[in-house]
4 protein chains.
Amino acid sequence: MASDTIENPKVPRTERGRKTQRKLLDAAAIEFGERGFHEASISSITRRAGVALGSFYTYFDSKDAIFRALVLDMSDAVKSAARDAIADETDPLAIERAALGGFLRFASEHKEIYRIIDEAEFVDPDSYRAHYETIGERIAQRLRDGAQAGVMRPDLGEVEAWALMGMNVFLGLRYAIWNRSGDPTPEDVAKAANTLLAKGIEA
Amino acid sequence: MASDTIENPKVPRTERGRKTQRKLLDAAAIEFGERGFHEASISSITRRAGVALGSFYTYFDSKDAIFRALVLDMSDAVKSAARDAIADETDPLAIERAALGGFLRFASEHKEIYRIIDEAEFVDPDSYRAHYETIGERIAQRLRDGAQAGVMRPDLGEVEAWALMGMNVFLGLRYAIWNRSGDPTPEDVAKAANTLLAKGIEA
Amino acid sequence: MASDTIENPKVPRTERGRKTQRKLLDAAAIEFGERGFHEASISSITRRAGVALGSFYTYFDSKDAIFRALVLDMSDAVKSAARDAIADETDPLAIERAALGGFLRFASEHKEIYRIIDEAEFVDPDSYRAHYETIGERIAQRLRDGAQAGVMRPDLGEVEAWALMGMNVFLGLRYAIWNRSGDPTPEDVAKAANTLLAKGIEA
Amino acid sequence: MASDTIENPKVPRTERGRKTQRKLLDAAAIEFGERGFHEASISSITRRAGVALGSFYTYFDSKDAIFRALVLDMSDAVKSAARDAIADETDPLAIERAALGGFLRFASEHKEIYRIIDEAEFVDPDSYRAHYETIGERIAQRLRDGAQAGVMRPDLGEVEAWALMGMNVFLGLRYAIWNRSGDPTPEDVAKAANTLLAKGIEA
DNA sequence: CATGAATGAGAGTTCATTCAT
DNA sequence: TATGAATGAACTCTCATTCAT
């Protein structure tokens with residue numbers, strides 16, 4: 001995963017402990033992704049991780065705590081994926097296109113991310129909101145940069161940023177999570193979305 | 001609510017029964033909206049509805065069943081709201097603008113809708129998917145109509161429809177559910193989004 | 001038991017419910033008496049009562065709640081036993097003797113009472129303290145009455161009341177709970193204690 | 001604490017070990033006093049003592065074992081306090097007065113003693129009973145000595161001894177543990193109790 | 001001797017669902 | 001049709017004790 005930032009966990013004092021904690025986090029990603037928060041059970045997580053039930057509580061205070069840790073972990077991972085994808089781009093529109101392409105690829109490989117982030121709406125509303133607000137601000141900043149560079153309209157703001165985020169999220173849902181045979185490739189999707197973004201839909 | 005379509009419920013034979021069922025459905029909308037599916041309890045729903053616990057099973061087979069009935073009910077309500085909002089419009093772009101405006105107003109008044117629809121992702125994935133696919137197709141049809149009318153580009157398809165749906169959903173999340181003082185009005189949001197949609201973001 | 005006063009229970013709405021609640025309370029008296037609060041288990045209480053585990057929570061909010069209800073129940077029972085025992089007496093010293101005699105007989109038949117009241121010190125300190133303070137005040141009042149009648153010294157107060165209560169409690173512990181063959185009868189104990197109380201121990 | 005008598009502990013071989021064991025015992029006195037046996041946890045005891053969890057089992061076989069060791073330790077301490085308090089007295093009544101005064105002072109400084117001794121009733125009934133029977137016999141012996149000296153009645157026995165013990169214990173509970181501002185001093189309490197003991201309550 | 005991670009039995013509690021009235 | 005008591009499986013969490021280092 002992209003980050004070592006873990007919220008409020010009990011910090012292991014030995015290398016062995018560190019490994020066990022990581023095993024639990026990875027097992028939880030799978031369990032929560034497959035079954036959702038409420039259907040998931042601690043005992044199933046520890047079974048997947050290959051540790052005893054009680055060991056869970058050596059590393060996390062509660063089911064909520066490991067979920068929160070996981071949301072942060074995934075939220076960071078998404079942002080990293082986008083950051084990596086746009087690293088080589090300089091043109092503002094190309095940046096948006098690369099960001100979406102990177103996100104689509106990332107989501108294809110981590111389909112559990114939608115369920116986990118979405119479920120945060122119920123389990124940990126603060127993380128959920130923080131996740132989208134952070135991303136929204138990041139996009140808004142890129143739009144301002146694009147305006148600065150004279151490539152984008154100067155009146156773009158938060159509304160446009162959230163609209164763009166929504167586009168990306170739903171294209172991910174449709175083409176990375178619910179993809180069917182015959183669907184356009186991620187690149188094609190990103191290209192079409194980029195055109196829409198750049199020129200709009202008017203004839 | 002907008003529709004009487006209820007999936008697979010036990011059909012009441014008397015007028016009194018019909019009223020009890022409606023009371024349960026309304027109580028469930030509040031309960032699921034406030035607490036989410038798993039935190040919600042049947043006994044709390046019956047308490048809100050003012051009927052005995054056992055009576056619940058006279059009208060619904062299970063907790064899942066009433067949730068599914070509710071998702072359909074809400075899904076229909078959203079679509080109706082959009083349909084009503086665009087009834088008087090003829091210009092394709094004005095239609096989209098009116099649809100978003102209508103949706104923002106509807107969501108402001110039914111904030112529970114996001115939680116309920118979103119939770120369907122976990123409780124009843126089929127309804128969840130069906131909800132968005134239906135809306136996506138409806139939007140795609142409008143884009144084709146716009147192209148037919150010569151107002152929109154002729155190459156618009158499913159990708160653009162999902163992008164547009166994502167825009168609308170996220171603008172609703174940000175400006176109808178998470179709205180803050182100082183935020184633009186629904187009309188302003190709809191206008192800005194419409195401009196983005198029409199012309200894109202290029203300078 | 002002596003009283004229907006039950007603290008903060010869920011009030012049954014039917015006769016059947018009332019009976020089940022009483023069965024649980026009686027079973028709890030035995031279970032807590034035999035095993036003590038912490039070793040006692042809800043499942044054992046319901047097994048003794050012949051009801052399902054879940055039914056417990058129809059009538060009590062928690063293990064603590066039924067324990068508190070029981071302490072009140074027993075506390076009332078002790079006080080009733082004393083009240084009944086002294087009903088026919090008029091002489092202040094005879095009253096004290098009858099009170100102790102009545103208490104010893106009651107404790108012999110309800111040996112669980114010591115364990116339950118004593119354990120309240122840990123589980124519900126407020127009830128524990130209230131139990132002894134109430135009894136202490138009642139004794140102090142009787143001493144004042146005795147002084148009024150000219151039979152007892154006029155300077156008796158709280159100190160003497162607590163001393164007398166301690167005497168009674170420990171004589172109950174030794175001769176009602178830990179009684180052995182060859183021990184004096186309750187009447188003999190009450191008589192000896194009464195002499196001590198009246199005349200003291202000086203030669 | 002007053003004694004080194006520890007029941008069935010693992011005997012440390014080194015000075016360092018002896019110190020660790022003492023730290024655990026002192027920490028346990030605080031922990032059991034504050035939280036009671038069942039709420040107390042080994043990990044909390046070791047935390048208070050500043051040693052690792054596993055080290056506990058180097059010095060005690062179980063939670064029960066350290067509790068038993070502690071009860072003996074405290075029981076000895078109570079008896080020592082009484083013994084010290086009466087060391088200089090020769091008059092039988094003055095001895096009883098000094099014993100109570102000493103006990104009240106000791107209990108004021110070791111309020112945890114009541115909880116620990118009382119909880120022994122549940123955790124280790126044998127120690128509990130032995131504690132009071134030993135003290136009872138000691139008091140009975142003193143009463144016989146008083147009779148021998150011609151100062152007390154010749155017919156005093158076990159009943160009077162237990163009555164006296166009960167007086168002392170309850171006066172300790174009321175005036176050493178539950179003391180309030182405005183209460184009589186330990187000396188005043190001891191004096192009043194002594195008068196009661198000597199002359200009784202008759203006018 | 002000291003450490004702290006690992007273990008797993010066992011507890012209290014919840015609540016969807018059933019059923020007798 | 002309405003009621004509310006009864007059921008029991010399933011879950012999260014605790015912690016005394018063991019063990020590898």
Side-chain angles (χ1 to χ4, degrees), chain A residues 10 12-21 38-46 50-65, chain B residues 10 12-14 16-17 20-21 38-46 50-66, chain C residues 10 12-21 38-46 50-65, chain D residues 10 12-14 16-17 20-21 38-46 50-66:
Chain A
K10 293 160 175 174
R13 278 169 159 60
T14 68
E15 185 51 33
R16 187 187 178 198
R18 215 151 3 242
K19 274 186 185 161
T20 302
Q21 190 176 44
H38 284 95
E39 297 300 315
S41 76
I42 307 281
S43 69
S44 176
I45 291 173
T46 53
V51 303
L53 175 56
S55 298
F56 178 89
Y57 293 91
T58 307
Y59 298 104
F60 299 96
D61 278 331
S62 64
K63 191 181 177 182
D64 273 68
Chain B
K10 295 162 174 175
R13 301 236 172 275
T14 69
R16 185 189 179 196
T20 303
Q21 189 176 45
H38 285 94
E39 298 298 315
S41 74
I42 306 286
S43 74
S44 178
I45 291 172
T46 54
V51 305
L53 177 55
S55 300
F56 178 88
Y57 291 89
T58 307
Y59 298 103
F60 298 96
D61 277 331
S62 65
K63 190 181 180 185
D64 274 66
I66 195 175
Chain C
K10 292 161 177 175
R13 277 168 159 62
T14 67
E15 184 53 31
R16 186 187 180 200
R18 216 153 2 242
K19 275 186 184 161
T20 302
Q21 190 176 43
H38 284 95
E39 297 300 315
S41 77
I42 307 280
S43 69
S44 177
I45 291 173
T46 53
V51 304
L53 175 55
S55 298
F56 178 88
Y57 292 90
T58 307
Y59 298 105
F60 298 97
D61 277 332
S62 64
K63 191 181 178 184
D64 274 67
Chain D
K10 295 162 175 176
R13 301 236 174 275
T14 68
R16 185 189 181 196
T20 303
Q21 191 177 44
H38 284 95
E39 298 298 314
S41 75
I42 305 285
S43 74
S44 177
I45 291 172
T46 53
V51 305
L53 175 56
S55 300
F56 178 88
Y57 291 88
T58 307
Y59 297 104
F60 298 96
D61 275 332
S62 65
K63 191 182 179 183
D64 274 66
I66 194 174

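Below, chain A is the first sequence line, B the second, and so on; all start at residue 1.
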Colleague: Could you list the residues that satisfy side chain to side chain donor-acceptor pair (under 3.5 Å) with A:Arg18, not counting sequence neighbours?
Modeller: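 A:Glu15.
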Colleague: Would you mind reporting whether D:Phe56 and D:Ile66 have side-chain heavy atoms less than 4.5 Å apart?
Modeller: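 In short, these two side chains touch, coming nearer than 4.5 Å.
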Colleague: Find the distance A:Arg13:CZ to E:dA2:P and express it as a whole number of Å.
Modeller: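 Rounded to whole Å, this separation is 18 Å.
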Colleague: From D:Ile42 CD1 over to D:Ile45 CD1, what is the distance, rounded to the nearest 0.5 angstrom?
Modeller: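 Reported value, rounded in 0.5 Å steps: 5.0 Å.
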Colleague: Working to the nearest 0.5 angstrom, can you tell me the gap between B:Thr20 OG1 and B:Tyr59 OH?
Modeller: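 Taking OG1 in B:Thr20 and OH in B:Tyr59, the distance rounds to 4.0 Å.
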Colleague: OP1 or OP2 of F:dA5 sitting under 4.0 Å from any side-chain N/O of C:Tyr59?
Modeller: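 For F:dA5, OP1/OP2 do not have a side-chain N/O of C:Tyr59 under 4.0 Å.
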Colleague: Listed by chain and number, what are the side-chain contact (heavy atoms from CB on, under 4.5 Å) partners of D:Ser62, not counting sequence neighbours?
Modeller: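 By the side-chain contact (heavy atoms from CB on, under 4.5 Å) rule, D:Ser62 matches D:Asp64, D:Ala65.
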Colleague: Roughly, in whole Å, what's the span from CD in C:Glu15 to C1' in E:dA20?
Modeller: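 Going from CD in C:Glu15 over to C1' in E:dA20 covers 16 Å.
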Colleague: List in chain and number order the residues that pass side-chain contact (heavy atoms from CB on, under 4.5 Å) with A:Thr58, two or more places apart in sequence or in another chain; answer none if no residue qualifies.
Modeller: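 side-chain contact (heavy atoms from CB on, under 4.5 Å) list for A:Thr58, sorted by chain: empty.
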Colleague: With sequence neighbours left out, what residues match A:Thr14 under side chain to side chain donor-acceptor pair (under 3.5 Å)?
Modeller: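 Partners of A:Thr14 under the side chain to side chain donor-acceptor pair (under 3.5 Å) test: none.
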Colleague: F:dT1, F:dA5, E:dA5: which one has an atom nearest the side-chain heavy atoms of C:Thr14?
Modeller: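 So the nucleotide nearest the side chain must be F:dA5.
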Colleague: To check you understand the geometry: which heavy-atom pair defines the closest contact between A:Lys63 and A:His38, and what is its length?
Modeller: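 Nearest pair, atom of A:Lys63 first, then A:His38: NZ-O, 3.6 Å.
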Colleague: Would one find a side-chain N or O of A:Arg18 under 4.0 angstrom from OP1 or OP2 of E:dA5?
Modeller: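 The answer is no; no side-chain N or O of A:Arg18 sits under 4.0 Å from OP1 or OP2.
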Colleague: Provide, to the nearest angstrom, the distance between the CZ atom belonging to B:Arg16 and the C1' atom belonging to F:dT1.
Modeller: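 Rounded to the whole Å, the gap is 6 Å.
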Colleague: What nitrogen or oxygen pairs link the protein and nucleotides 15-19 of chain F at under 3.5 Å?
Modeller:
residue	atom	partner	partner atom	Å
F:dA16	OP1	D:Ala40	O	3.4
F:dA16	OP1	D:Lys63	NZ	3.2
F:dA16	OP2	D:Ile42	N	2.8
F:dT17	OP2	D:Tyr57	OH	3.1
F:dT17	OP2	D:Lys63	N	3.1

Colleague: Sort by first number and list every stem of DNA chain E: at least 3 consecutive Watson-Crick or G-U wobble pairs, both distances under 3.5 Å.
Modeller: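 Expected stems, ordered by start: E:2-21 with F:2-21.
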